There are 2 protein chains.
Amino acid sequence: MHVAPERGRRAFDPLVALNAAKEVFWRHGYEGASLTDLTAAMGINKPSMYAAFGTKQELFEKVIQAYAADDMAYARAAMEQPTAYEVAAALLHDNAIAVTRPDCPPGCLSIQGGISTGPANSSVTEFLATSRLAGEALLADRFRRAIDTGDLPPGTDPAALARFLMIVTEGQAIHATAGVSRADLQASASLALLVFRSLSVSS
Amino acid sequence: MHVAPERGRRAFDPLVALNAAKEVFWRHGYEGASLTDLTAAMGINKPSMYAAFGTKQELFEKVIQAYAADDMAYARAAMEQPTAYEVAAALLHDNAIAVTRPDCPPGCLSIQGGISTGPANSSVTEFLATSRLAGEALLADRFRRAIDTGDLPPGTDPAALARFLMIVTEGQAIHATAGVSRADLQASASLALLVFRSLSVSS
DNA sequence: CGGCATCTTTACCGCTCGGTAAAGTTAGCA
DNA sequence: TGCTAACTTTACCGAGCGGTAAAGATGCCG
């Protein structure tokens, strides 16, 4: 697993190229992004792409890793808020911002990337769905701790609450791709947060 | 606009074929569904498909019409409920059912069909987004009437409320494609409906 | 400066895509 | 029964797909 020392140095910055590929996948999805589109945006030819990142699917996986590390950092940060309500508020409001960045395509790469694919690429769809559910499980854990500390009422279903919030973020992402404004998405986030006022009263 | 009387009769049922095409588009999306996949599922050859339905895009438009008429009937029915709360409850619960039908692909054709496409088919994405927002406008109108009749508090923002509910339905659809169960989606619907308890208290 | 490992470029592979021309088949009407 | 209009079948089109072989440029090291 040792990479040989490079003799003839690479003529492009892999990080810049990866970010360019990310935007193309984000806008057109895994199958909608052709290698011609991708390499044109990356400023390199197909064999260079192949040597640096592997197959199209391997490139996509690296893009997803970069996306999770950079563009999804707000979600990890939200979970560190002191109270469950603040966790939810940060998640929903920061998601409204994330899916309407003027310097990025609208929506969320995890959904745009491959919510549906042809029969040959169903593994892409499954991989993205699994990783979204993994994030939801982390959020449920956060709410479980909130129940333990008395921050949320004992009867609360932490998994259901996490699922509801993730559903809202996904709906926000879909809405963003339809051109709905950041302000309107934040209004819906505020509306969604009203459920916290009734949590203690519900079963 | 008069159709010539048919001499050599068609050897397949166009409605059955259209339903078969609907399932393929629903599962694989507009671009992920190849003409080969589509015609195989429809039980006909490409020229027959072409003669009966036109181009792939025209076939897709006819599929969407059938989908709106049949599979989205629950949404129109929900809006006829007597109170705003019952409208929302019917919409969210029936949507949870609609996106998890065992005899249909998971999720919603409007999202699966083309939430992202290659550069050549962006019109499909735009068409679907526009029709989703049209449904949302109808829902906002319904809430506007509810405010007029005193069913909803005067300070309520009908467009924001409609947007929130549509966001939830879209998130449910995405969740359904990840394999989340109907019962879990209905639990999140019940959670979302809690916002109605706080509507009078919010601005 | 020569040798060579590396990267980049050009050109191309087999395959599938959406779409169609033309021949073959079917059925109603005279 | 034979003509004719419609539909179906077969075979194919140019274009673009993901991926790659082979030749040409580049730069470090001895």
Side-chain angles (χ1 to χ4, degrees), chain A residues 2-18 20-21 24-25 27-63 113-114 116-125, chain B residues 2-18 20-21 24-25 27-63 113-114 116-125:
Chain A
H2 177 64
V3 174
E6 309 174 8
R7 296 294 271 290
R9 196 103 87 273
R10 181 155 282 146
F12 61 94
D13 183 344
L15 278 176
V16 172
L18 203 68
V24 177
F25 277 130
R27 182 158 274 128
H28 297 299
Y30 178 76
E31 288 181 336
S34 69
L35 279 190
T36 304
D37 295 339
L38 287 163
T39 52
M42 298 164 93
I44 60 179
N45 321 70
K46 284 190 276 188
S48 297
M49 191 290 267
Y50 225 79
F53 303 104
T55 65
K56 185 186 184 185
Q57 187 156 343
E58 288 167 336
L59 170 66
F60 184 69
E61 285 163 14
K62 291 180 172 72
V63 162
S116 61
T117 59
N121 298 115
S122 55
S123 65
V124 170
T125 301
Chain B
H2 177 65
V3 172
E6 308 174 6
R7 296 293 270 290
R9 198 101 88 275
R10 182 154 280 145
F12 61 95
D13 182 344
L15 278 176
V16 172
L18 204 68
V24 178
F25 278 130
R27 180 157 276 127
H28 298 300
Y30 179 75
E31 288 182 335
S34 69
L35 279 190
T36 304
D37 296 338
L38 287 163
T39 51
M42 298 164 92
I44 61 179
N45 320 70
K46 283 190 277 188
S48 296
M49 191 288 268
Y50 224 80
F53 304 104
T55 65
K56 185 186 184 185
Q57 187 156 343
E58 289 167 335
L59 171 65
F60 184 70
E61 285 163 14
K62 291 181 173 71
V63 162
S116 61
T117 59
N121 296 307
S122 57
S123 64
V124 170
T125 301

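None of these values were measured; they are calculated from a predicted model. Proteins come first, then strands; the chains are lettered A, B, ... in the order of their sequence lines, and each starts at number 1.
T125(A) places a side-chain N or O within donor-acceptor distance of the main-chain N or O of G114(A), the cut-off being under 3.5 Å.
Here the nucleotide nearest the side chain of N45(B), chosen from dT8(D), dG19(C), dG19(D), is dT8(D). When the nucleotides dC17(C), dG19(C), dT20(D) are ranked by their closest atom to the side chain of K46(A), dT20(D) comes out on top. Minimum atom distance to the side chain of S48(A) is reached by dT8(C), of the listed dT8(C), dG19(D), dT8(D). Ranking dT10(D), dT20(C), dC17(C) by closeness to the Y50(B) side chain, first place goes to dT20(C). Comparing dG18(C), dC12(C), dT8(C) by their closest approach to the side chain of F12(A) singles out dT8(C).
For M49(B) and dT20(C), the CE to P distance is 10 Å, given to the nearest whole Å. With rounding to whole Å, L38(B) atom CG is found 13 Å from dG19(C) atom C1'. Atom CD in E31(B) sits about 20 Å away from atom P in dA15(D), given to the nearest Å.
Contacts of A33(A) with the nucleic acid, taken as non-hydrogen atoms under 4.0 Å apart, involve only primed sugar atoms and P, OP1 or OP2.
Remark: S34(A) is not in phosphate contact with dG16(D), judged by side-chain N or O atoms under 4.0 Å from OP1 or OP2. Residue T36(B) has no polar side-chain atom (N or O) positioned under 4.0 Å from OP1 or OP2 of dT16(C). Contact annotation: K56(B) side-chain N/O to dG18(C) OP1/OP2 distance is under 4.0 Å.
Each of P47(A) and Y30(A) was matched to the nucleotide of DNA chain D holding its nearest heavy atom; the match closer to the 5' end belongs to Y30(A).
Counting all heavy atoms, side chain and backbone alike, G32(B) lies closest to E31(A) at CA-OE1, 4.0 Å.
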### Query
Should L38(B) and M49(B) be marked as a side chain to side chain contact (heavy atoms under 4.5 Å, CB included) after you check the CA-CA gap, both sets of side-chain angles, and the distance that decides it?
CA-CA 9 Å; L38(B) 287 163; M49(B) 191 288 268; 5.6 Å; no
### Query
After noting the C-alpha distance and the side-chain angles of S48(A) and M42(A), does the key distance pass the side chain to side chain contact (heavy atoms under 4.5 Å, CB included) rule?
CA-CA 10 Å; S48(A) 297; M42(A) 298 164 93; over 6 Å; no
